Amino acid sequence: MLGLRKKPFSGGIHPRGHKELTENTAIVSSEEPRRVCLSLQQRNGVVLRSHVNVGDTIVKGQLVASGPNDMCVPLHAPINGVVEAIQPHVSAHPSGLKTNTLMIKGNGDPTWGIPHVPCDTSKLTPEEIIQRVLDAGIVGLGGAGFPSGLKLRFARQKGVKTLLLNGGECEPYLTCDDRLMREKAAEIAEGAALMVRAIGCEQAIIAIEDNKPDSISTMQSAVADRPNLSVQIVPSLYPMGSERHLIKAVTGHTVPPGQLSTEIGILVHNVATAQAVFEAVRYQRPLIRRVMTISGGALEQPTNLIVAMGTLVSDLIARCGGLKMEAARLVAGGPMMGQVLPSPFVPIDKSIGGILALSADEIRAEQSHDCVRCGRCVNACPMGLMPFQMAAHSRVSDLDGARHFGLDNCLLCGACSYVCPSRIPLVQYFQHARSSLNASRTMERKSAHARQLTEARQARLMREAEAKKAAKAARSKTRKRPARTPRKKADSTDSTPTSN
Amino acid sequence: MVQFTPVAGPHTHGGTSTTHLMFLVIAALVPATVFGLYLFGINAVIVLLACVSSAVLFEYIGLKLLGKSTHSALDGSAILTGWLLALSLPPSTPWWIAVSGVFFAIVIGKTVFGGLGQNPFNPAMLGRVMLLICFPVELTDWRLPNPPQQGADGLLLGEQWLSTNAIDGVSAATPLSQLTGALPSLSELTTGHHAGSLGETSALLILLGGLFLIWRGIIHWRIPATLLLSIAIPAAISHAIAPESFGSASAHVLSGGAMLAAFFIATDMVTSPTSPKGQILFGIGCGVLIWLIRTFGSYPEGVAFAVLIMNATTPVIDHYLKPAVFGQPNRFSL
């Protein structure tokens with residue numbers, strides 16, 4: 001039992017949990033939405049190709065769009081209905097970016113279009129398991145949204161020894177993983193076992209924060225008869241859900257900065273992903289719905305809902321009884337790292353784990369003041385950085401200075417902003433600096449590419465010129481004798497390239 | 001209605017504010033201050049009031065000059081500066097000397113550098129040193145405490161206690177100026193019944209205030225602990241070698257401004273390093289310098305000088321002693 005008493009890593013904070021709003025009520029499966037909007041543009045910018053046309057009748061679970069490679073997971077229809085339109089619609093991007101979106105009108109029929117009969121998973125080879133995970137369009141449900149099948153395949157190639165299932169759920173308000181572990185413990189355990197086989201690793205450890213005693217006991221009994229699965233309790237400390245910090249808390253190992261956890265033989269997946277893997281492998285069901293926490297002080301009835309992909313946020317809020325007061329901010333994800341939603345008509349995608357309608361009292365927005373160098377951010381930073389220095393440098397766009405104090409290692413977890421007594425929007429500065437850095441890197445790459453092309457062109461031209469010269473020399477050598485006598489004529493033919 | 005302007009997370013906050021921190025520090029100073037007023041009487045009250053009110057006034061003027069919001073004059077930082085300066089002055093200081101010290105502290109020490117958070121030196125100690133150099137007589141005029149006595153018919157307030165004239169009263173040596181001679185007893189040093197600055201006499205009450213701050217997480221133990229240890233260790237060694245020429249560790253730690261410096265002055269957020277390693281180095285530097293100045297310097301007290309010297313090193317310390325990045329192997333971290 002490592003580190004129940006001791007803090008497993010330096011820094012970290014204990015934000016107010018607000019989990020009591022939703023943690024004691026069962027997951028509700030919401031009725032079939034009347035309409036869903038599936039964005040064809042994925043989070044990484046790749047645009048999927050639609051396999052359906054306007055007016056087509058589609059069935060629940062049908063493949064409707066796919067990408068050029070495995071980096072883009074396929075998209076399946078979450079409901080039965082008709083494709084109404086394919087047109088730009090606001091996406092979950094904070095800027096309110098409009099992307100090409102499949103609008104599907106539902107007919108209210110909840111049955112799957114294709115029967116999904118359970119299969120004997122013990123006969124599947126690891127590659128078959130991975131392929132099923134890829135085909136089901138599963139991405140990490142913890143928020144990063146990386147294709148899970150690719151992660152499994154990569155871990156298999158790297159010879160990962162331990163699979164770590166992240167049941168930390170350190171973000172305040174969110175309880176969807178907690179509820180899922182309490183209600184679907186057996187499915188999570190089976191999903192974990194399947195992933196262990198797919199990777200070919202030795203064991204899976206399910207890490208759960210100590211503020212979820214019910215989840216711990218349910219998961220413990222679910223893995224009791226599986227020798228290669230175990231549950232480990234980790235202290236509740238934000239950001240325990242960060243991959244590096246969870247690994248440190250569970251195994252005591254640290255992942256060197258700039259490296260992936262697979263380098264030290266560990267792969268981290270979310271518990272909800274394990275449950276999705278179970279459904280995908282056992283029933284060959286695509287990922288078309290997920291459990292989400294709809295919460296916040298401005299919401300009438302905070303609930304954990306099973307939500308079909310593409311449901312509009314406004315529909316979810318209406319499903320939870322609407323707003324009881326003015327919501328000062330609508331957030332996708334948790335309050336620490338979540339992103340402000342640009343509009344209530346944003347559709348849910350696979351990597352959104354919660355919707356929060358926060359009241360002004362919860363946000364506690366206040367005017368920011370001068371930094372007093374109190375050092376609370378330094379103590380809170382889980383990465384061992386100096387946030388106030390990074391912010392001071394970022395503010396004047398001294399990006400190298402900000403990098404000197406650790407900008408590249410920043411998780412953007414927001415622990416520094418949470419404790420800052422001067423209310424400095426540190427994360428906003430870091431995001432600004434990061435995007436400026438990215439922009440300048442892109443510029444550099446572009447100009448390097450352009451330079452490369454120019455140099456290549458020049459080299460080619462030179463080569464051609466030389467080849468021409470050599471050819472000319474060779475030619476003139478061969479006809480040296482005959483060319484001698486009509487000297488003036490030979491000169492004139494040489495200078496006109498058309499004569500070649 | 002929902003507001004849809006994009007802002008970065010976190011979308012919640014712990015709730016602390018700079019003002020809150022400042023007033024908690026002031027609250028922690030209250031016991032030692034009240035005890036100082038009880039010991040030294042009306043003139044001490046005048047010094048404290050003059051310092052605090054003039055600090056707010058000068059801060060207000062400074063903010064006006066800087067073009068910043070004048071609401072910040074009452075955010076506690078100016079009050080704290082004035083308060084700390086008052087505590088470090090002799091209780092018999094004339095009020096106009098105290099006010100000129102505050103002027104130097106706030107305007108020259110802070111506003112000139114750009115206001116709160118920008119000053120490289122602890123403003124209170126800057127004011128203290130200016131006064132010590134400009135008014136050496138008044139700043140070393142120590143009085144014996146003259147607390148109210150329990151008389152036959154109620155409290156008996158001594159003439160000196162009630163006097164607002166600084167000339168009255170019995171001058172006495174502070175424990176520091178006679179570190180090797182006839183010292184007050186250890187219990188006197190702890191409880192504060194001896195001559196000294198307004199708020200520095202009771203080591204016990206300052207310690208209580210400091211522990212309160214550590215408990216509330218306002219300050220970290222690193223600076224106070226290392227500072228006091230770095231006074232105590234050289235003092236103990238030298239005292240063991242030559243007791244007749246070096247003061248003992250307990251006398252060094254419990255007398256003068258050492259306690260106040262350890263918990264309230266060296267821990268000043270603006271002018272001390274922020275990294276754990278840096279704070280330890282800073283504490284050690286302050287402690288050793290205090291001991292060196294007290295022992296070999298021409299001034300009996302070295303707290304203000306030591307803190308100012310270490311303040312000057314803070315940017316360098318913060319630049320070189322960064323915390324270890326999480327995951328980086330083979331790095332000593334605290």
Side-chain angles (χ1 to χ4, degrees), chain A residues 9-11 13 15-16 94-96 172 244-245 254-257 326-331 335-344 356-358 362-364 366 369-375 378-379 381-386 388-389 405-406 409 414 417-419 421-423 425 427-428 431, chain B residues 1-22 66 68-69 71-72 75 77 114-120 217-220 222-223 267-276 278-279 314-315 318-319 321-329 331 333-334:
Chain A
F9 50 85
S10 70
I13 54 170
R16 261 180 307 275
S95 70
R244 290 161 188 275
H245 295 87
T254 50
V255 184
E326 189 174 325
R329 213 171 280 175
L330 212 52
V331 175
M336 296 300 294
M337 290 185 76
Q339 285 183 325
V340 172
L341 286 173
S343 138
L356 303 178
L358 298 174
E362 291 169 296
I363 296 177
R364 297 164 169 249
E366 249 179 52
H369 304 286
D370 295 328
C371 174
V372 292
R373 298 173 33 92
C374 67
V378 179
N379 284 330
C381 181
M383 289 304 289
L385 314 176
M386 297 183 100
F388 77 98
Q389 298 273 40
F405 287 98
N409 290 313
S417 306
Y418 185 83
V419 297
S422 295
R423 304 298 185 108
V427 176
Q428 194 139 2
Q431 280 181 349
Chain B
M1 254 316 284
V2 187
Q3 206 194 319
F4 292 113
T5 37
V7 263
H11 309 288
T12 177
H13 192 270
T16 51
S17 67
T18 315
T19 312
H20 180 72
L21 297 187
M22 294 292 178
L66 288 174
K68 291 189 176 178
S69 159
H71 291 295
S72 310
D75 70 359
S77 66
L116 182 63
Q118 308 293 323
N119 48 306
I218 311 294
I219 61 173
H220 199 276
R222 294 183 201 107
I223 290 180
T267 52
D268 170 39
M269 301 180 285
V270 180
T271 55
S272 63
T274 49
S275 73
Q279 289 180 343
T314 295
D318 256 350
H319 188 83
L321 288 183
K322 291 199 290 273
V325 174
F326 181 69
Q328 224 155 49
R331 285 284 291 273
S333 91
L334 275 156

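Note that the coordinates shown come from a computational prediction; the quantities given were computed from them, not determined experimentally. So that the names make sense, note that chain A is the first sequence line, chain B the second, and so on, each numbered from 1. Computed over heavy atoms, backbone and side chain alike; hydrogens, waters and symmetry mates excluded.
How far NZ of B:Lys68 is from NE2 of A:His369: 11.5 Å, rounded to the nearest 0.5 Å.
Each of A:Pro172, A:Gly375, A:Cys374, A:Cys381 has some count of heavy-atom pairs under 4.5 Å with chain B, and the biggest count is that of A:Cys374. Your options are A:Leu358, A:Asn409, A:Ile13, and the one with the most heavy-atom pairs under 4.5 Å with chain B is A:Asn409. The candidate with the highest count of non-hydrogen atom pairs below 4.5 Å against chain B, out of A:Arg16, A:Gln339, A:Met337, is A:Arg16.
The backbone N or O of A:Gly338 lies less than 3.5 Å from a partner atom in the side chain of B:His11, making a donor-acceptor pair. In this structure, the side chain of A:Arg373 does not engage the main chain of B:Gln118 through any donor-acceptor pair within 3.5 Å.
In this structure, chain A has heavy atoms under 4.5 Å from both the backbone and the side chain of B:Leu116. Interface residue A:Val255: only backbone heavy atoms are found under 4.5 Å from chain B. Only the side chain of A:Gln431 comes within less than 4.5 Å of a heavy atom of chain B; its backbone N, CA, C and O stay farther away. Residue A:Pro382 touches chain B through its backbone alone, counting heavy-atom pairs closer than 4.5 Å. Neither the backbone nor the side chain of B:Ser69 comes within less than 4.5 Å of any heavy atom in chain A. Contact of B:Ile218 with chain A is made through backbone and side chain together, with heavy-atom distances under 4.5 Å.
Taking the six-membered ring where the residue is Trp, A:Phe9 and B:Phe326 present perpendicular rings, their angle passing 60° and hence far from 30°.
When all heavy atoms of A:Leu385 and B:Pro323 are compared, the pair lying nearest together is O-CG, 4.2 Å. Pairing each heavy atom of A:Pro335 with each of B:Thr12, the nearest pair is CB-CG2, 3.9 Å. Shown here for A:Ser417 and B:His13, the closest heavy-atom pair between the two residues is O-CD2, 3.2 Å. The two atoms that bring B:Asp318 and A:Phe405 nearest to each other are O-CE2, 4.4 Å, heavy atoms only.
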Report the C-alpha distance between A:Val419 and B:Thr16 in whole Å, list the side-chain angles of each, state the deciding distance to 0.1 Å, and finish with yes or no for side-chain contact (heavy atoms from CB on, under 4.5 Å).
-> CA-CA 7 Å; A:Val419 297; B:Thr16 51; 5.6 Å; no

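Proximity of B:Ser275 to A:Met386: side-chain heavy atoms (C-beta onward) are separated by under 4.5 Å at one or more points.
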